[in-house]
Structures are given as C-alpha cells and as structure tokens.
Amino acid sequence: MDSILQKLRNLDAYPKINDDFFSRTLSGGIITLASSLLILLLFFSELRLYLHTVTESKLLVDASRGETLHINFDVTFPAIRCSLLSLDTMDISGEQHFDIRHDIVKKRIDAHGHVIEAKKDGIGAPKIENPLQRHGGRLEHNEKYCGSCFGAEMSDDDCCNSCDEVRDAYRKKGWALTNADLIDQCKREGFIQKIKDEDGEGCNIEGSLEVNKVAGNFHFVSGKSFHQSNVHVHDLLVFQTDGYNISHKINKLAFGDYFPGVLNPLDGVQWMQETPNGMYQYFIKVVPTLYTNIKGRTIRSNQYSVTEHFKSSELGRSQLLPGVFFFYDLSPIKVTLKEEHAPFLHFMTHICAIIGGIFTVAGLIDSFVYHGQRAMKKKMEIGKFG
C-alpha cells in the first residue's frame, strides 16, 4: 500500500517548496497585481460575450406552399390628391384587385407636408336625398332607389346608387369616366368639388396588403384602373391637367413583421420628379426569413433587395401609365436566423485559458526580471570589491 502511495506522490506535477526558500520581490508584486487586473478585465469581457446572444444563419430551400405575403407600406405623394390616389395589385396567377380600400388610411397633406385630414378609406358613399332614378324621375317617398349607370349597365336590373358604383360600372365596361360633372350621383356627393378642393395638396397613404405568395406587383396611380384594348389605364386622367408629378417618399415598406436586425432598404427613400410624366419602378427580390429568438419564439417574415428605374413619357411611350410601381418576386432560398448563447463549456474553457496563459506569461516575465536584477546586483558587488 505504501509503495502505491509513493508512486502517486511521484506523479505530483505540483511539487511543494518550503516557505523558507521563497523570495518575494517588489517587481514580482507589481507583475502579480498587473496580471490579476488583466485576468479580471478579460474575465468580464468573456462574461459579456457569453451573456450576449449571437445570431446563427442558415440557407435552406423554401418548401412552403399556400402561404400569403403581408406587405406594410407608408408612402407620401406631395403632388397627388387623396381623392385621385388609388392602389392596385396584380400577380402572375391572374388575380387583380383595383382601388383597394380596406386596411388603408389616407391623410391629406399641405405643401409643407403637414396633415390636413386623416381618414380610413372605405367602400360606399354618403347618403343623398332625392337622387335621380334610373327611369329619369326623382326618388319619391317610400320608393326604392335605383340609380342609372349611364349606359354602363350589364343587365336591366343593374343599379348604380353612388358615384363609386358608376365608376365601377364604367371600369367593367372598359370606359373612362370623363364626364363626372354630368353624373347625378357624383354631383350630389360633391365628387368634382372634392377634387377641386384638394387642388395643390398631397397625400400620405399607409396600410397593409395581403397578397398571394407569388410574383406580382402593386402600384399607386391616379384614378380607378380598367383595361381598354388590353391597355391598363385609369379613369381620372382628365382631372390632371398639368401632368402627373409622381414625386414620392417611402416612409416604410416591409414584407412581413419586424424582427431584430431586419433592414428594409427602401425605408426613408425619397425621389423627386423632374420631367412632367413618367413611371417609377422598383424591382424587389423578396427573401423568406424565419427568425427564432433566444426564448424560442418564431417570427415568419421576409427581407428584400431592390433596384429601381424611371421611365419617362418623353421617350415616345404614349401609353405609359404614370405612377409608382413595385414589382416583387420571391427567392426560392429561405434564410433561418436563430439567436443562441455560447456553450457554457466554451465559456469555462476560455476562462481557464485566460487564467493559465496570463499566469504563465507573468511567471516568465517575473523570472526574467528577477534574474536580471540578480545579475545586476552581482556586477555591482564585484565592482565594489574589485
């Protein structure tokens, strides 16, 4: 048993030295204090890095199907009136939505960008009294109202009871509304006067869209959209006598919910038009993104990159539709971002490496200084007695 214990003693890598053989020096104390402070500093630095989350990213093929794309926007047009500004969407599946009004808020702004009036855009029109019936007479008491569509009826039973319904009937026929001042519904609702009252104003439009997760576009233009001879046109071109100024500022444009670290390159982008008419186009590549925070909460969102281009009507494009168009396409690659802490064992390994490394280097420096001092002391003694 004693032999086994003796063999274990021989394996001791930390032999003990009697205190009588220790020699403590001033330089050793200074080096010890400096190394201790350095260890403390590096310890807190490692602790901060350990407590700080890091985001790991991976690229995967996007295998999701049947999802929708949520678009949040906030755009200011300093030279287009709110009564003329409309929002349309189209995609490659053939789905089209014209003059979208749900989840949209329009704010009338003056020349200095100050809000004059803010209201949520809605479908319908104010109630009107004694309107003109389809048969030509005025609405009598207890009589059901059925307004004329002014030649745009699809059947004998069609009624247009508001200016918006007349405009919709014209759009379905592929007609432009160029005679709004002769439409009884528009006159009674003050549609023409409303447009005139907003002369010189701009419009801020904000809201959200829910579209199919396929390539498509959404655009801001003046008037309601319709197709005429396979051309996409709008019915209020007649009211814009001085050309279309599509200067705009994109306050916000996001494809999905916010998550930490997301960068939307179009936020705050402003463009001022110099030519009378034209089409401004943004070509956007949407990258699906799955973000998971340190608590395990998952956010499905998107990032995007963008290029832009302006088409001027001065280049001979007579059928160019003035407006701001956002063409988006989806990347087949999905980015996954996950917040993580560094492993605890890595943290302990770094701490041990710091303590061991600094004490080792400090010991070498102390030994070098100590032997240098002894050598100098011996030379001084030799010189004194020599």
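- By the rule that hydrophobic residues join a cluster once side-chain heavy atoms approach within less than 4.5 Å of another member, Leu337 and Leu330 end up as members of separate clusters.
- Side chain of Asp366 to backbone of Val369: no donor-acceptor contact under 3.5 angstrom is found.
- The closest side-chain heavy-atom distance from Tyr280 to Phe325 is not below 4.5 Å.
- Put simply, the side chain of Thr32 gets close to the backbone of Gly28: a donor and an acceptor are under 3.5 Å apart.
- Residues Tyr282 and Val324 are in side-chain contact: their nearest non-hydrogen atoms beyond the backbone lie under 4.5 Å apart.
- Put simply, Ile246 and Ile109 are part of two different groups of oily side chains (I, L, V, M, F, W, Y) that touch within less than 4.5 Å, one to the next.
- Residues Leu69 and Val262 do not share a hydrophobic cluster, defined by chaining ILVMFWY side chains whose heavy atoms lie under 4.5 Å apart.
- For Leu59, the side-chain contact (heavy atoms from CB on, under 4.5 Å) partners are Ile333, Val335, not counting sequence neighbours.
- A continuous path of Ile, Leu, Val, Met, Phe, Trp and Tyr side chains, each step under 4.5 Å between heavy atoms, connects Phe310 with Ile250, placing both in one hydrophobic cluster.
- Looking only at side-chain heavy atoms (C-beta outward), Met90 and His219 come within less than 4.5 Å of each other.
- Atoms CG and CG, from Asn72 and Leu209 in turn, are 8.5 Å apart once rounded to the nearest 0.5 Å.
- Checking side-chain atoms of Asn264 against main-chain N and O of Asp267 turns up no donor-acceptor pair under 3.5 Å.
- Of all heavy-atom pairs spanning Tyr170 and Ile183, the tightest one is OH-CD1, 4.2 Å.
- Atom CG of residue Asn302 and atom CZ of residue Phe259 lie 8.5 Å apart, to the nearest 0.5 angstrom.
- Using modelled atom types, no side-chain atom of Asn212 and backbone atom of Val214 make a donor-acceptor pair closer than 3.5 Å.
- In this structure, Phe326 has its ring center no closer than 6.0 Å to that of Tyr328.
- Between Ile100 and Thr89 the shortest side-chain heavy-atom distance falls below 4.5 Å.
- Under the 2.5 Å SG-SG cutoff, Cys82 and Cys203 qualify as a close cysteine pair.
- Looking at every heavy atom in both residues, Ser148 comes nearest to Cys160 through O-CB, 3.5 Å.
- Grouping Ile, Leu, Val, Met, Phe, Trp and Tyr by side-chain contacts under 4.5 Å, direct or through others, leaves Leu364 on its own.
- With sequence neighbours left out, the ring-ring contact (aromatic ring centres under 6.0 Å, His included) criterion links Phe77 to Phe220.
- The cluster map of Ile, Leu, Val, Met, Phe, Trp and Tyr, joined by side-chain heavy atoms under 4.5 Å apart, puts Val211 and Val75 in the same cluster.
- One distance of note links CD of Glu201 with CD1 of Ile80; it measures 13.5 Å at 0.5 Å rounding.
- Phe218 is listed as a side-chain neighbour of Ile71, based on a closest heavy-atom distance under 4.5 Å.
- Nearest heavy atom pair, residue Val306 against residue Pro265, reads CG1-CG, 4.1 Å.
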Fill in: Criterion side-chain contact (heavy atoms from CB on, under 4.5 Å) on Leu266 and Val269, from CA distance to verdict
CA-CA 5 Å; Leu266 286 179; Val269 170; 4.1 Å; yes

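- Hydrophobic side-chain contacts under 4.5 Å tie Phe347 into a cluster, directly or through other members, with Leu38, Ile39, Leu40, Leu42, Phe43, Phe44, Leu47, Tyr50, Leu51, Phe344, Met348, Ile351, Ile354, Ile355, Ile358, Phe359.
- Taking Glu206 as the reference, Lys107 meet the salt bridge (Lys or Arg N to Asp or Glu O under 4.0 Å) condition, with sequence neighbours excluded.
- The two residues Asp329 and Ala215 make their nearest non-hydrogen contact at OD1-CB, 3.4 Å.
- Within the 4.5 Å cutoff, the side chain of Ile365 has heavy atoms near those of the Val361 side chain.
- Look at Glu56 and Lys338 and you find no salt bridge, because none of the NZ, NE, NH1 or NH2 atoms lies under 4.0 Å from a carboxylate O.
- Checked against the 6.0 Å centroid criterion, the rings of His70 and Phe255 do not qualify as a close aromatic pair.
- Two residues are said to be in side-chain contact when any heavy atoms from C-beta on lie closer than 4.5 Å; Thr53 and His341 meet this criterion.
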For residues 283-294, which side-chain N or O atoms pair as donor and acceptor with protein atoms under 3.5 Å away, sequence neighbours left out?
| from | atom 1 | to | atom 2 | distance (Å) |
| --- | --- | --- | --- | --- |
| Thr289 | OG1 | Val287 | O | 3.1 |
| Thr289 | OG1 | Gln303 | NE2 | 3.1 |
| Tyr291 | OH | Glu339 | OE2 | 2.4 |
| Asn293 | OD1 | Lys295 | N | 3.1 |
| Asn293 | OD1 | Gly296 | N | 3.0 |
| Asn293 | OD1 | Arg297 | N | 2.8 |

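- Comment: Glu67 engages Lys213 in a salt bridge, judged by a side-chain N to carboxylate O separation of less than 4.0 angstrom.
- Ser301 and Asp257 are not linked by any side-chain donor-acceptor pair at a separation below 3.5 angstrom, with hydrogens and angles left out of the test.
- Rounding to the nearest 0.5 Å gives a distance of 4.5 Å between CD of Gln281 and NZ of Lys311.
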